[in-house]
A.B. asks: 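One structure, as structure tokens, below. Some questions next.
None of these values were measured; they are calculated from a predicted model.
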Amino acid sequence: MNLLRAASTVSLLTLLSRVTGLVRDQLIAAHFGAGALTDAFNVAFRIPNLFRRLFAEGAFSQAFVPLLAATRERDGDAVTRDLVDAVGTVLAWVLLVTCALGVIAAPVLVWLMGSGLERFDAAVVMTRWMFPYIGFMSLVALGAGVLNTWRRFAVPAATPVLLNLSVIAATWWGSPWLERQGIEPIYALAGGVIVGGVLQLAAMLVALARIGMLPRLALAPAGIAAAWHHPGVGRVLRQMAPALLGVSVAQISLLINTQIASHVAVGAVSWLTYADRLMEFPTALLGVALGVVLLPQLSAAQARDDRASFSAMLDWGLRLVVLLAVPCALALLLFPQALVAVLFHYGRFEADDVAMTVRALQGYGVGLLGIVAIKVLAPAFYARQDIRTPVKIAIGVLVATQLLNLVLVPWLGHAGLALSIGLGAWVNAGLLLAGLLRRGAFEPQPGWGRFALQVLAANLALGGVLAWAAGAFDWIGLQSQWALRAGTVALVLGGVAVLYGAVLMLVGMRPRDFLRRA
């Protein structure tokens, strides 16, 4: 398997999901602005997303995928199929209970996430509607783990598009219909989220059936008991315990930051949400794509005790991170107003909202390289079935981040929350890298010094053009000329991308340098 081709496939499909996600957020911003009801929706949507990241894409995936890859490598498909059936059965029943409890406890969950919300009541209603989304997405995570292990990366990367299209349809058609019925139109977004979850699960089940790995869920008590006692389920649960603690640390940080933002100002939660959406573009296109492709391959190399291949794949991933994340960080730091204006400055999203979102975006931009690097470094520990080390690091970073909040939030407001996350990411990535080097799991390949100088030269050229373009146009004043503004931003970004590639070629870098097979 060509790792660069696989990562490119995931990245391109992730790009499609992020583009539709941006369209989704643009419509929400234009229809609802950044006010009390938008804050209520964002908090309500963050609650099932928090649990999704906690259990589905977080602790569960970190524990399940390395075991799945190692089982297939050592024992073959038949034994692996039994593992998937047992894990799927246990997961489905646990999710049923979790969703019921989440709907009942919605007021408590909203209070924990955003007690300062002006429309607390609306957030509770939308949380109850959207909480079952965690059930659909956890089963989607199970399917994604299987498909990625079978090297079928396309469907897991593309399914988020279905959620975005559902919310777009709800915003465009559902919210006006509710308004005509005398109901808060923003409630349509909650319905769009649930429909999107159903569609994602349906697409995943079809893809699993095509490779003969559709989980056979036990419904009878005897079958459920047998699934609970499957040795693979026990291993996943034991690995999930430290993984859950580690992911919980990140989600606790998100919860604390959202709680703080809900008290900073009306609109602060939304400003951070829109900035986070922009920051997720490079994070997902680079970090998530590389992590998805590398985790099963690193796990298989670890199962074979192939240390050279393990280290070489990690070195390849880190070089791609540096090559692609640094120019993205410069764009967030030097060109933020143009990016935010062209994407969100329409309808009820005003110039002041642009300015506030820009401040948050620059805070995230400071730590973008660290945030993306974590997506490659942490899977190296998970592949070695060492989840405790990233957990210990995450706990320390949580403490450091909240100490930074004490200093930065009174000074910078909501932007201080974003900056503390960015600085914490650098600490996290640095400690993960040091841990891999100390254990001998990662030995940098020759040529890093020359590579760093090549990247530096290209980024100096790119950064100079971005800094000039940021001040050369009145991005806010071009609101009424949306086509001209969008075209100019596209021209600038396309131009600096070509310039970046040209300078890299001039200093001796070639695409073939990054070709690698697993």
Side-chain angles (χ1 to χ4, degrees), residues 17 21 24 40-65 87-114 122-147 156 159-167 170 187 189-205 208 215 217 233 236-237 240-241 243-255 258 269 273 276 280 284 288:
S17 75
R24 178 193 81 188
F41 168 73
N42 284 322
V43 167
F45 191 31
R46 282 189 184 186
I47 290 172
N49 270 328
L50 183 150
F51 282 90
R52 173 178 62 84
R53 291 170 180 170
L54 197 63
F55 294 105
E57 296 171 359
F60 173 73
S61 293
Q62 293 169 14
F64 177 60
V65 174
V87 171
T89 295
V90 171
L91 181 64
W93 285 101
V94 169
L95 288 171
L96 185 63
V97 175
T98 301
C99 289
L101 292 175
V103 170
I104 295 169
V108 177
L109 295 173
V110 173
W111 182 83
L112 289 172
M113 181 70 82
V124 171
V125 171
M126 288 187 279
T127 297
R128 283 182 164 146
W129 274 99
M130 289 190 287
F131 199 88
Y133 178 72
I134 175 61
F136 300 125
M137 294 314 299
S138 297
L139 294 173
V140 167
L142 170 70
V146 175
L147 290 171
T159 49
V161 174
L162 298 173
L163 169 67
N164 296 328
L165 293 177
S166 297
V167 177
Y187 289 156
L189 302 183
V193 169
I194 286 298
V195 171
V198 173
L199 292 175
Q200 287 182 85
L201 179 58
M204 195 65 67
L205 293 177
L208 289 171
L217 305 183
V233 171
V236 170
L237 292 175
M240 275 188 70
L244 188 60
L245 178 58
V247 179
S248 296
V249 170
Q251 300 312 310
I252 288 170
S253 179
L254 175 64
L255 188 151
T258 304
V269 173
T273 299
D276 183 69
E280 280 186 355
V288 174

A.B. asks: How far does OG1 of Thr98 sit from CD1 of Ile134, to the nearest 0.5 angstrom?
C.D. replies: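 Between atom OG1 of Thr98 and atom CD1 of Ile134 there are 8.0 Å.
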
A.B. asks: Kindly indicate, with the supporting measurements, whether the criterion side chain to side chain contact (heavy atoms under 4.5 Å, CB included) is fulfilled by Met204 and Leu139.
C.D. replies: CA-CA 9 Å; Met204 195 65 67; Leu139 294 173; over 6 Å; no

A.B. asks: Between Thr159 and Pro156, is there a donor-acceptor pair closer than 3.5 Å when you use the side chain of the first and the backbone of the second?
C.D. replies: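 Indeed, once roles are kept as given, a pair shorter than 3.5 Å links the two residues.
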
A.B. asks: Using every non-hydrogen atom in the two residues, find where Leu199 and Ser166 come nearest and quote the distance to one decimal.
C.D. replies: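 It is CD1-OG, 3.5 Å.
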
A.B. asks: Distance check, rounded to the nearest 0.5 Å: Phe136 atom CZ versus Gln200 atom CD?
C.D. replies: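 CD of Gln200 is found 10.5 Å from CZ of Phe136.
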
A.B. asks: Give the minimum heavy-atom separation between Pro132 and Cys99, together with the two atoms involved.
C.D. replies: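 Nearest heavy atoms, Pro132 then Cys99: CA-SG, 3.9 Å.
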
A.B. asks: Rounded to the nearest 0.5 Å, how far apart are CG of Leu91 and CG of Leu142?
C.D. replies: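 Answer rounded to 0.5 Å: 6.0 Å.
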
A.B. asks: How far does CG of Leu189 sit from CD1 of Ile194, to the nearest 0.5 angstrom?
C.D. replies: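 With rounding to 0.5 Å, CG (Leu189) is 12.5 Å from CD1 (Ile194).
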
A.B. asks: Mind listing the closest non-hydrogen atom pair of Met126 and Tyr187 along with its distance?
C.D. replies: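 Taking every non-hydrogen atom into account, CG-CD2, 3.5 Å.
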
A.B. asks: For a quick test of reading the model, state the closest non-hydrogen atom pair linking Ala44 to Ala123 and the distance between them.
C.D. replies: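 Smallest interatomic distance, heavy atoms only, reads CB-O, 3.5 Å.
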
A.B. asks: To the nearest 0.5 Å, what is the distance between CG on Leu109 and CZ on Arg128?
C.D. replies: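 Between atom CG of Leu109 and atom CZ of Arg128 there are 10.0 Å.
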
A.B. asks: Gly192 and Val167: which non-hydrogen atoms are nearest, and at how many Å?
C.D. replies: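 For Gly192 and Val167, the tightest heavy-atom pair comes out as C-CG2, 4.0 Å.
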
A.B. asks: Should Thr89 and Pro215 count as side-chain neighbours, where that means a heavy-atom distance under 4.5 Å?
C.D. replies: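 Contact flag for Thr89/Pro215 side chains = no.
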
A.B. asks: Scan Phe131, Trp129, Tyr133 and name whichever one has a side chain to side chain contact (heavy atoms under 4.5 Å, CB included) with Val193.
C.D. replies: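 Single side chain to side chain contact (heavy atoms under 4.5 Å, CB included) partner of Val193 among Phe131, Trp129, Tyr133: Tyr133.
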
